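Reading through the structure tokens given below for one structure.
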Amino acid sequence: MKYTNRKKAVLLLADGTIFYGKSIGIEGTVFGEVCFNTGMTGYQEIFTDPSYFGQIMVASNAHIGNYGTNNEEVEADKIMISGLVCKNFSFNHSRVNSDESLKQYFEEQNLVAISDVDTRALVSYIRDNGAMNAAICTEDCDIEALKQRLAEVPDMKGLELSSKVSTKEPYYVGNPDAKYKVSALDLGIKKNILRNLAKRDCYIKVFPYDATYADLKTFEPDGYFLSNGPGDPDPLFGAQEAARQILADDQPVFGICLGHQVLALANGIPTYKMFNGHRGINHPVKNLVTGEGEITSQNHGFAVDREALEKHPDFEITHLHVNDGTVAGMRMKNKNCFSVQYHPEASPGPHDATYLFDQFIANIEKSKN
């Protein structure tokens with residue numbers, strides 16, 4: 001393999017800490033909240049997950065790009081992360097069904113990436129000091145000027161980002177002759193969620209993030225779905241109001257991640273920004289209903305307030321994160337409504353929790369009968 005001399009690059013954290021590395025060859029300066037994912041595989045699905053919009057991704061796996069990319073392995077039509085930080089970037093790839101290299105994929109979408117960073121030290125630093133804004137610079141960087149620009153980047157807390165990733169117009173997924181019809185509110189929906197619903201004989205109409213309950217109702221659905229997505233759930237007043245009206249009509253509703261948080265807020269249960277979010281494909285969750293454990297795919301930086309949820313007379317906690325005891329799932333006692341803080345559709349990740357889609361269908365059947 002021919003040796004290529006690559007330009008020096010920097011990762012600047014909001015507290016002034018600098019990590020040095022090398023550019024993969026795409027020049028630019030990008031900003032976002034720095035976070036890390038512990039998944040050992042599934043990088044393309046991670047990079048295209050709308051929930052990561054506005055974030056600089058640190059890959060804790062030592063090798064990124066070694067199996068290239070495949071056009072079918074995406075969760076959105078474009079890359080959603082702001083930039084990538086990794087240890088070893090593989091310019092060569094080896095996989096029978098790959099379409100191109102990760103470098104080519106990044107070049108097509110002008111995604112700035114920095115490699116040769118001590119990611120073990122970086123992940124440890126983020127864990128100790130919390131999530132914060134950061135900048136990647138692969139150009140000739142003036143650090144003082146970069147600090148000034150970084151200081152102007154808004155904090156993730158209070159930031160509404162669903163409008164940046166949601167569909168602009170409604171669209172349909174699945175078989176029009178399917179047994180069930182579902183209205184899905186797109187707050188940053190992943191393609192594999194729609195695949196899982198369609199696989200269960202659902203015809204889905206996907207609506208923009210600001211659709212009202214009246215809009216969602218025009219499809220005459222059998223159930224409603226509130227999707228995952230990026231940013232703080234607190235500013236999503238329209239989605240919260242839609243959720244309140246769905247519940248007032250006692251319709252079946254299922255929420256994932258951001259949708260889970262929206263359902264909590266719609267019922268007066270607060271959410272909060274985590275010191276460090278959960279991002280990876282090996283997070284242990286305990287199902288309090290069955291007593292069983294699940295290994296789950298997770299991606300969130302906000303969570304539902306457990307103490308407030310436990311005090312709410314209409315809710316019960318169904319799932320807890322084993323590592324830190326945060327709320328991983330809830331359901332209403334008096335409504336046909338449940339939600340989880342993790343990703344049962346995986347992509348990437350284990351399939352331990354796909355039963356939740358079956359539970360949604362069972363709730364729809366119960367409502368119809």
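In what follows, every heavy atom counts, from backbone to side chain, and hydrogens, waters and symmetry copies are set aside. Please read all numbers here as calculations on a predicted model, not as lab measurements.
- Summarising the local packing, NZ of K164 is surrounded by 12 or fewer heavy atoms from other residues, nucleotides or ligands at distances under 6.0 Å.
- Checking side-chain atoms of N66 against main-chain N and O of S90 turns up no donor-acceptor pair under 3.5 Å.
- No hydrogens or angles considered: nothing links the side chains of S297 and H343 as a donor-acceptor pair under 3.5 Å.
- Side-chain atoms of Y342 and E294 form a donor-acceptor pair, as typed in the model, at a separation below 3.5 Å.
- Relative ring orientation between F225 and F254 is described as perpendicular, the plane-to-plane angle rising above 60° on a 0-90° scale split at 30° and 60°.
- The only option from R306, K333, R331 that meets the salt bridge (Lys or Arg N to Asp or Glu O under 4.0 Å) definition with E316 turns out to be R331.
- Within 6.0 Å of CZ on R120 lie no more than 12 heavy atoms contributed by other residues, nucleotides or ligands.
- Residues passing the disulfide (SG to SG under 2.5 Å) test with C141, sequence neighbours excluded: C137.
- Under the rule for a side chain to side chain contact (heavy atoms under 4.5 Å, CB included), the partners of N133 that lie at least two apart in sequence or sit in another chain are A14, E33, L150, V153.
- For Q251, there are no side chain to side chain donor-acceptor pair (under 3.5 Å) partners two or more places apart in sequence or in a different chain.
- Between the side chains of N37 and Y43, no donor-acceptor pair is found at a separation under 3.5 Å.
- Using modelled atom types, one finds no donor on one side chain facing an acceptor on the other under 3.5 Å when comparing E310 with H312.
- One side chain, E75 or S347, offers a donor N or O that lies under 3.5 Å from an acceptor on the other.
- Judged purely by distance below 3.5 Å, without hydrogens or angles, the side chains of E45 and T48 never pair a donor atom with an acceptor atom.
- Looking at residues two or more places apart in sequence or on another chain, you find no side chain to side chain contact (heavy atoms under 4.5 Å, CB included) involving Q148.
- If you check the side chains of H278 and H283, you find no donor sitting under 3.5 Å from an acceptor.
- Considering every non-hydrogen atom in both N70 and V74, the closest pair reads O-CG1, 4.4 Å.
- There is no side-chain donor-acceptor pair under 3.5 Å between Q341 and T326.
- Sorted by first and then second residue, the ring-ring contact (aromatic ring centres under 6.0 Å, His included) pairs with a member in residues 107-144 form an empty list; sequence neighbours excluded.
- Counting Ile, Leu, Val, Met, Phe, Trp and Tyr side chains that sit under 4.5 Å apart, directly or through other members, M274 shares a hydrophobic cluster with Y272.
- Y180 pairs with exactly one of E365, K368, R200 by the side chain to side chain donor-acceptor pair (under 3.5 Å) rule, that one being E365.
- Counted by atom type alone, N299 and D49 present one or more donor-acceptor pairs between their side chains at under 3.5 Å.
- Among the candidates Y52, F53, F106, the single residue satisfying the side-chain contact (heavy atoms from CB on, under 4.5 Å) test with I79 is F106.
- We find the CG-OG distance between D232 and S162 to be 10.0 Å, quoted to the nearest 0.5 Å.
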For this session: Given side-chain contact (heavy atoms from CB on, under 4.5 Å), test K103 with F89 step by step and report yes or no.
Result: CA-CA 9 Å; K103 170 76 179 305; F89 188 90; 3.9 Å; yes
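- Between the side chains of N228 and S51, at least one donor N or O sits under 3.5 Å from an acceptor N or O.
- For the residue pair Y224/D249, the side-chain donor-acceptor check at 3.5 Å is not satisfied.
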